[in-house]
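Each remark here refers to the structure printed beneath this line.
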2 protein chains.
Amino acid sequence: MTTPCDKCPLRRCEYFLPFTDEELAFMLRFKSGELTVDPGTTVLMEGSNSPQVFTVLSGMGTRYKTLEDGSRQVINFLFPGDFIGLQAGIMGEMKHSVESSAPMVLCVFNRSDLWDVFKAHPSRAYDLTWIAAVEEHFLGESLAAMGQGTASQRVAWALLRIHQRLRVVGLEKAGVVPLPFRQQDLADALGLSLVHTNKTLMALRRSGLARWSDGSLAIADRAKLAAYAGSAPELLEKRPLM
Amino acid sequence: MTTPCDKCPLRRCEYFLPFTDEELAFMLRFKSGELTVDPGTTVLMEGSNSPQVFTVLSGMGTRYKTLEDGSRQVINFLFPGDFIGLQAGIMGEMKHSVESSAPMVLCVFNRSDLWDVFKAHPSRAYDLTWIAAVEEHFLGESLAAMGQGTASQRVAWALLRIHQRLRVVGLEKAGVVPLPFRQQDLADALGLSLVHTNKTLMALRRSGLARWSDGSLAIADRAKLAAYAGSAPELLEKRPLM
DNA sequence: CGTAGGCTTGAATATGGTCAATGGTTGTGG
DNA sequence: CCACAACCATTGACCATATTCAAGCCTACG
């Protein structure tokens with residue numbers, strides 16, 4: 001029923017570092033199941049203590065924090081290949097929530113097996129740390145995009161980065177990628193109001209630089225959009241897949 | 001000459017998880033030296049491939065990215081106990097720069113020994129991942145503070161968080177902590193202009209909530225400042241020390 | 001057919017940015 | 001010892017970007 005790791009479609013992406021045979025064998029044992037969720041499902045909840053950690057096999061979602069005043073900050077968007085739940089796995093408690101924005105399939109791992117990874121499989125433990133470092137790096141980039149740069153630059157930057165990320169997992173066709181989020185999600189990710197986000201997206205559409213509507217994002221000329229964004233997100237380097 | 005890990009003053013802080021004897025013995029071997037730098041020194045450079053990673057033993061600094069348009073984003077401030085260089089250590093290249101803002105002493109580790117940690121000392125490898133997860137968590141909090149919240153809230157939040165962090169390493173005396181940064185550093189961290197940051201700090205000073213001048217930050221009533229900040233930074237949980 | 005959720009638009013407002021100038025302190029060279 | 005430069009903090013005036021408020025529209029769905 002579930003996809004065994006040796007047949008995982010993500011492994012075919014250049015973006016992810018290859019497994020050794022030994023690692024592959026280990027992952028086959030490590031993976032304990034699959035979770036399929038509908039759009040709008042809360043997969044992990046801030047403050048919870050999930051017994052499981054996941055890798056996104058397909059679908060997309062958001063990672064967000066809810067603040068005391070009720071506002072929401074989207075930390076980042078989740079795409080196939082992303083690992084989620086490390087904080088709960090290591091620190092004991094989720095520091096943010098995870099929600100699906102489209103039908104999503106997740107590989108399930110037991111949190112209690114994490115320690116075994118460190119004890120018995122150092123190369124995979126190393127990769128876990130690598131994944132954490134990559135995540136940290138991306139958050140730093142987000143911080144920079146939010147702190148510096150105008151609304152239009154931020155929106156352009158975000159669309160570019162998302163487009164790039166979907167490309168490397170093979171979801172792009174002729175410059176178009178699926179993008180099942182709401183404008184509110186992007187607004188909450190960039191620290192902008194919904195209204196202004198909408199107007200900015202409109203401007204981008206009219207200028208022909210980027211067209212996001214009906215769940216699809218089309219970018220004709222990435223270089224042009226990057227110039228518009230001011231600081232373009234850097235190229236995506238290969239990273240490990242869990 | 002250098003401080004041996006068994007005599008490390010940071011180990012006395014409640015904030016850091018205790019070492020086992022075995023871990024202590026390992027760290028004594030792992031630590032390869034100390035680096036002492038003057039204020040304003042660039043310790044690690046974006047894009048560089050440092051052969052070493054560090055733990056801040058004393059002093060403070062900034063971790064920042066320089067953008068294409070010349071602007072600077074301070075990712076976070078560095079305090080005693082912080083581990084730096086993990087990205088270079090794992091991913092092969094620094095994604096940001098590190099600069100000292102005060103005289104700083106760093107414990108030096110050889111990057112090439114990192115892999116040995118994973119192979120031979122899983123509990124320390126686990127702690128490394130833990131540190132990365134904590135770092136990621138803090139960046140998420142920063143993102144939330146920057147995205148939501150007004151200028152005054154952001155400044156109040158940042159001062160609170162810094163105060164808290166310095167408290168747990170024993171640098172607070174009667175509500176006052178040393179804070180050797182420039183207003184420009186805080187502005188660059190919060191995505192605000194220098195002028196507005198200055199005016200906001202002035203307002204905080206006049207209201208008596210927080211007083212930062214001449215390298216010292218005084219917070220009389222943390223609860224009151226937290227209320228003003230809107231979303232207070234959460235209490236600092238124990239974390240591993242490298 | 002009516003309601004709910006999400007997208008779109010305009011108008012008024014405010015928050016924070018930019019520009020410009022001043023003062024204090026430190027360090028340096030004449 | 002003084003003059004000067006460099007750096008940082010401070011302040012005021014003006015302006016622009018982005019927020020808030022308000023309304024209308026469309027589609028999906030019960």
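Per chain, numbering begins at 1; letters A, B, ... match sequence-line order.
Note on B/Asn198: every side-chain N or O is 4.0 Å or more away from OP1 and OP2 of D/dA9. Considering only side-chain N and O atoms, A/Gln183 lies under 4.0 angstrom from the phosphate OP1 or OP2 of C/dT8.
For B/Ser193, whose side chain is taken as the heavy atoms from C-beta onward, the closest listed nucleotide among C/dG6, D/dT11, C/dT18 is C/dT18.
Within 4.0 Å (heavy atoms only), B/Gly215 reaches no atom of the nucleic acid at all. Using a 4.0 Å heavy-atom cutoff across all strands shown, B/Arg205 reaches sugar-phosphate atoms only and no base atom. Counting any heavy atom pair closer than 4.0 Å across all strands shown, B/Ser213 reaches no nucleic acid atom. Residue B/Leu192 is in sugar-phosphate contact alone, with no base atom involved, counting any heavy-atom pair closer than 4.0 Å across all strands shown. B/Gly40 comes within contact range of no nucleotide atom at all, as no heavy-atom separation falls under 4.0 Å.
In this structure, B/Leu194 places its CG atom 9 Å from C1' of D/dT10, rounding to the nearest Å. Taking atom NZ on B/Lys199 and atom P on D/dA13, their separation rounds to 10 Å, with Å as the unit. In this structure, A/Leu201 atom CG and C/dC7 atom C1' are separated by 10 Å, rounded to whole Å. Per the geometry, CG belonging to A/Leu204 stands 16 Å off P belonging to C/dC7, to the nearest Å. The distance from atom CH2 of B/Trp212 to atom P of D/dT10 is 10 Å, rounded to the nearest whole Å. Rounded to whole Å, the distance from CG on B/Asp188 to P on C/dG16 is 17 Å. Residue B/Gln184 contributes atom CD, which lies 13 Å from atom P of D/dT10 at whole-angstrom precision. Atoms NE2 (B/His196) and C1' (C/dT18) sit 13 Å apart, rounded to a whole Å.
Looking only at atom types and distance, the side chain of B/Asn198 has a donor-acceptor partner in the side chain of B/Gln183 under 3.5 Å away. For the residue pair B/His137/B/Glu234, the side-chain donor-acceptor check at 3.5 Å is satisfied.
Remark: A/Arg72 does not engage A/Glu46 in a salt bridge, criterion side-chain N to carboxylate O under 4.0 Å.
Going from atom CE of A/Met104 over to atom CG of A/Leu78 covers 6.5 Å, rounded to the nearest 0.5 Å.
Using a 30° and 60° split on the angle between ring planes, B/Phe77 and B/Phe181 fall in the tilted class, from 30° to 60°.
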